[in-house]
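The block underneath contains the structure these notes are about, expressed in structure tokens.
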Amino acid sequence: MFGFDNTQRTGNKGLAMRNGMLAVAGKTLWLSLLCLCFTAAAAQDKARAGDADAQEREPVVQVELVEPPEPGSVPFPDAPRPPIEAQPPTGFHTTTAPEFPGGEASLRTYVRENLQYPPKARENKTQGEVVVRFDVDADGTLRNINLLKDIGDGCGAEALRLVRAMPPWRPAQNSGVAVKLEHTLKIDFVLAQWLEDRKARR
């Protein structure tokens with residue numbers, strides 16, 4: 001009584017089969033994409049781990065930029081430092097002291113050959129240092145001769161006589177120009193030395 005359409009049934013079954021194949025194909029494609037995502041993530045993690053291992057293995061070099069040293073400065077702390085030359089300030093003039101003709105040696109010779117030991121000092125065996133101060137003028141003349149220290153018994157007077165009888169000194173120089181300058185001279189009275197010098201002169 002009822003008719004059965006095989007074509008329709010077959011058609012429905014084919015459609016169902018096609019739909020099922022599409023569903024299976026879609027599910028397979030989705031699983032493939034999911035696997036690719038997991039594979040890519042794993043590869044990235046491995047790459048990061050490899051980079052970390054490489055950083056641990058490779059030495060880290062730190063570079064610091066240093067400005068070039070200034071002229072006259074020391075480039076390294078342990079390097080020998082150049083000698084520092086004292087420079088006079090601007091406007092400063094160097095002055096040389098006045099000097100007996102021939103220098104210090106000639107002055108000592110002059111005193112030994114011309115000193116006359118006072119008789120009273122010889123009698124009392126007076127010995128010591130007498131100090132005389134005077135000005136050496138720009139032309140070398142000795143002026144304002146004064147006694148600063150005396151040991152008595154005529155030694156101070158003898159020291160003043162010696163200084164007054166001296167020849168003109170070489171004056172002080174201020175940047176090459178002769179100037180007036182005060183000078184202090186010490187004369188030693190040593191009796192034994194004077195007696196020896198007098199004996200040698202005879």
Next on the checklist: Set out, in order, the CA-CA distance, both residues' side-chain angles and the distance that settles side-chain contact (heavy atoms from CB on, under 4.5 Å) for Val111 and Leu162, then state yes or no.
Outcome noted: CA-CA 7 Å; Val111 172; Leu162 277 176; 4.3 Å; yes
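- Taking 4.0 Å as the cut-off between side-chain N and carboxylate O, Arg143 and Asp137 count as a salt-bridged pair.
- Between the side chain of Thr96 and the backbone N or O of Ala172 there is no donor-acceptor pair closer than 3.5 Å.
- Side chains of Val131 and Thr184 form a contact here, defined as non-hydrogen atoms less than 4.5 Å apart.
- The hydrophobic clustering, which links ILVMFWY residues whose side-chain heavy atoms are closer than 4.5 Å, places Leu107 and Leu160 together.
- Cluster membership for Leu181 and Leu148, using ILVMFWY side-chain heavy atoms within less than 4.5 angstrom, is not shared.
- Remark: the backbone N or O of Leu191 is paired with a side-chain donor or acceptor of Gln127 at under 3.5 angstrom.
- Inter-residue side-chain proximity for Val136 and Leu142 is flagged as met; some heavy-atom pair is nearer than 4.5 Å.
- The distance from atom CG of Asp135 to atom NZ of Lys180, rounded to the nearest 0.5 Å, is 4.5 Å.
- Atom CE of Met166 sits about 8.5 Å away from atom CD1 of Ile145, to the nearest 0.5 Å.
- If you take OH on Tyr117 and CD on Gln193, they are separated by 11.0 Å, rounding to the nearest 0.5 Å.
- Considering NZ of Lys199 and CG of Asp197, their distance stands at 12.0 Å, rounded to 0.5 Å.
- Under the 4.5 Å side-chain contact rule for hydrophobic residues, Val177 and Trp169 do not share a cluster.
- Remark: the backbone N or O of Val190 is not paired with any side-chain donor or acceptor of Asp188 at under 3.5 angstrom.
- Two residues are said to be in side-chain contact when any heavy atoms from C-beta on lie closer than 4.5 Å; Phe100 and Arg170 fail this criterion.
- Shortest non-hydrogen contact noted between Ala159 and Val130 is CB-CG1, 3.6 Å.
- Distance check: Arg122 CZ to Cys155 SG gives 11.0 Å after rounding to the nearest 0.5 Å.
- With 3.5 Å as the limit, one finds no donor-acceptor pair spanning the side chains of Asn124 and Thr126.
- For the atom pair CZ of Arg198 and CG of Leu115, the computed distance is 11.5 Å after rounding to the nearest 0.5 Å.
- Linking Ile, Leu, Val, Met, Phe, Trp and Tyr whenever their side-chain heavy atoms come within less than 4.5 Å puts Tyr110 and Phe189 in one cluster.
- A donor-acceptor pair under 3.5 Å is absent between the side-chain atoms of Asp153 and the main chain of Ala121, judged by distance alone.
- At a threshold of 4.5 Å between non-hydrogen side-chain atoms, the residues Glu129 and Lys149 count as touching.
- Pro98 is not listed as a side-chain neighbour of Pro171, based on a closest heavy-atom distance of 4.5 Å or more.
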Next on the checklist: Could you go through Leu185 and Val163, starting from their C-alpha distance and side-chain angles, then the distance that decides it, and tell me whether this counts as side-chain contact (heavy atoms from CB on, under 4.5 Å)?
Outcome noted: CA-CA 9 Å; Leu185 178 65; Val163 172; 4.1 Å; yes
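- Nearest heavy atoms, Asn146 versus Asn144: ND2-O, 3.0 Å.
- Of all heavy-atom pairs spanning Pro101 and Pro167, the tightest one is CG-CG, 4.2 Å.
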Checklist entry - Phe134 and Glu182: side-chain contact (heavy atoms from CB on, under 4.5 Å), yes or no, with the steps? => result CA-CA 6 Å; Phe134 51 89; Glu182 185 181 76; over 6 Å; no
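- Residues Glu113 and Arg201 are not paired through a salt bridge, judged by the lack of any N-O separation under 4.0 Å between the basic side chain and the carboxylate.
- Salt-bridge formation is detected for the pair Arg161/Glu158: a Lys NZ or Arg NE/NH1/NH2 atom is positioned less than 4.0 Å from an Asp or Glu carboxylate oxygen.
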